[in-house]
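To keep things clear, I will list the structure first and then write my remarks on it.
Within every chain, numbering begins at 1; the chains are lettered A, B, ... in the order of the sequence lines, protein sequences first and strands thereafter. All of these numbers come straight from a predicted model, not from anything done at the bench. Keep in mind that the numbers below use all heavy atoms, side chains included, and drop hydrogens, waters and symmetry copies.
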There are 2 protein chains.
Amino acid sequence: MEKRDLFLQKKLTDSGFRLTKPRRSILKTLSRTREHLSAEDIYREVSRDYPAIGLTTVYRTLELFVRMGMVQKYEFGDGRSRYEIVVDTPRDDEHHHHLICTKCHRVIDYTDFIEQEKDLLKETEEGLSRLYNFEIRSHTIAFYGLCENCR
Amino acid sequence: MEKRDLFLQKKLTDSGFRLTKPRRSILKTLSRTREHLSAEDIYREVSRDYPAIGLTTVYRTLELFVRMGMVQKYEFGDGRSRYEIVVDTPRDDEHHHHLICTKCHRVIDYTDFIEQEKDLLKETEEGLSRLYNFEIRSHTIAFYGLCENCR
DNA sequence: CTTGCTGCAAAGTGTTTGCATACAT
DNA sequence: ATGTATGCAAACACTTTGCAGCAAG
C-alpha cells in the first residue's frame, strides 16, 4: 500500500508535476480505501490531516490523476462522480466490476467470474478495435438492480 | 416502429397515466432514433412539433418512462444523462453495448459479439445474484477509448 | 527565484422542486 | 368535474473557472 503510493508519487514527479501536500494526501486517501469515493468524500477525509484543503484542489487533483492513468473515474448514476485508484501492476489480478443498487446507490465490487470474463472481453475488445477503428483503453461491466436491503 | 409506439402508449394508459401531447411526442422522438439523446436533445427535437414543451416536462416524462421500464438511462461520463428506448420484445435481439470515445464523447452501439457475451453474462448474473443476494435487473458493458477521429 | 499549485469566490451546467394553470379522462 | 400533468421560475447539487497569493523545485 505504501509501496504503491511511492510508486505513484514517483510517477508524478517523473512527469514533472510537483509533489504537494494536497496531492500526497489525496493519493493516500484513495490508496487506503477500497470504496468508491466522491470528490466530497475525499475532501472530507483529507480535511482531517490537512484542514486547509479546498474542494477545488480535490477536483483538479483528481482530474490530473485520471489523466495520468492513476485513478479511474466512474459515473454510477447518482449524479456525482466516483474515483478509484487504479491497481496497475503487471498482473492485474485486482481488476473488478460493479454491482449497483438502483435504489440506494450502493456499489459492490466483485472479482468473481473475472477469469471467465477475461478471455471473452479480450476477444471482443480486439474485434471492436478492428471493426470500428477504435483504440480501446478500458472497459466497465456493471449490473444494476436491487441490493439485499432494497429488494 | 409505429407499432412499438402504440404498444408503449397502451402500457402507459393501462397503468393509469394520461396520454398527453408531450408524452406522445417524447415517445415518438425516442422511438425514431437509434441515438443516445440527452434531455436537451429531446427537448429541442420535440419543440419542433410542440413548441410549448418545457424542459421540466421532458425530465419528468423521462423519469416516468424509466420507472416504467420503457426507457433506459445511461451515464456515459460527459456530465449529462442519455436516454434510449428499451426494445423489450420477447426475443431481445436488439440488445447492444457501447463503445465510448473519451475525447469527443461519441457513443457507438455495437451488437457484434453479443451472442458470445450472452451466455457468459447470464451465468455471471446468476452467480452474482446468489452470491450477493442481489436482484439484477439490467447490465451494461462499455468500452472506453479513442474513436477513429480522435486517436 | 520562478512557475506550478492552491484556495477562495463566483460562474456554469445539468437537473429538480414549488406552484398556479391547463387539460385528459 | 376532478385530479393529473404541464410550464415557468427559482432552487439545487456538482463541477469548473478566474485570479491573487503561496510554496515546491
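Taking a cutoff of 4.0 Å between a charged side-chain nitrogen and a carboxylate oxygen, B:Glu115 and B:Lys118 qualify as a salt bridge. A salt bridge links A:Arg32 with A:Glu45: at least one charged nitrogen is closer than 4.0 Å to a carboxylate oxygen. Under the 4.0 Å criterion applied to side-chain N and carboxylate O atoms, B:Glu84 and B:Arg82 are not assigned as salt-bridge partners. Remark: B:Arg80 does not engage B:Glu75 in a salt bridge, criterion side-chain N to carboxylate O under 4.0 Å. Under the 4.0 Å criterion applied to side-chain N and carboxylate O atoms, A:Lys11 and A:Asp14 are not assigned as salt-bridge partners.
Taking atom CZ on B:Arg24 and atom P on D:dA5, their separation rounds to 14 Å, with Å as the unit. The CG-C1' distance, from B:Asp41 to C:dT15, rounds to 15 Å in whole Å. We find that CG of B:Leu64 is positioned 17 Å from C1' of C:dT15, with the value rounded to whole Å. Atom NZ in A:Lys21 sits about 13 Å away from atom C1' in D:dA24, given to the nearest Å. Rounded to whole Å, the distance from CD on A:Glu63 to P on D:dT16 is 7 Å. One can place CD of A:Glu75 at 14 Å from C1' of D:dA13, the figure rounded to the nearest angstrom. If you take CD1 of A:Ile26 and C1' of C:dT6, they are 11 Å apart, rounded to a whole angstrom. Rounded to whole Å, atom P of D:dG25 lies 12 Å from atom CG of A:Asp14.
Base contact: A:Arg18 has a heavy atom under 4.0 Å from a base atom. Residue B:Tyr43 is classed as having no contact, given no heavy-atom separation below 4.0 Å to the nucleic acid. The residue B:Ser38 sits apart from the nucleic acid: no heavy atom pair falls under 4.0 Å.
Residue A:Thr57 places at least one side-chain N or O closer than 4.0 Å to OP1 or OP2 of C:dG7. Between B:Tyr50 and the phosphate of D:dG7, there is a side-chain N or O to OP1/OP2 separation shorter than 4.0 Å. Dashed line: the shortest gap from a side-chain N or O of A:Ser81 to OP1 or OP2 of D:dT15 is under 4.0 Å. A close approach under 4.0 Å does not occur between any side-chain nitrogen or oxygen of A:Arg80 and OP1 or OP2 of D:dT15.
Between the side chain of B:Arg60 and the base of D:dG7, at least one donor-acceptor pair of N or O atoms lies under 3.5 Å. For B:Thr56 against D:dA9, a side-chain-to-base donor-acceptor contact under 3.5 Å is present.
Where B:Leu55 and B:Thr20 each meet DNA chain C at their nearest nucleotide, the meeting point lying more 5' is that of B:Leu55.
Of the candidate nucleotides C:dA24, C:dG7, C:dT6, C:dG7 has the atom nearest to the side chain of A:Ile53.
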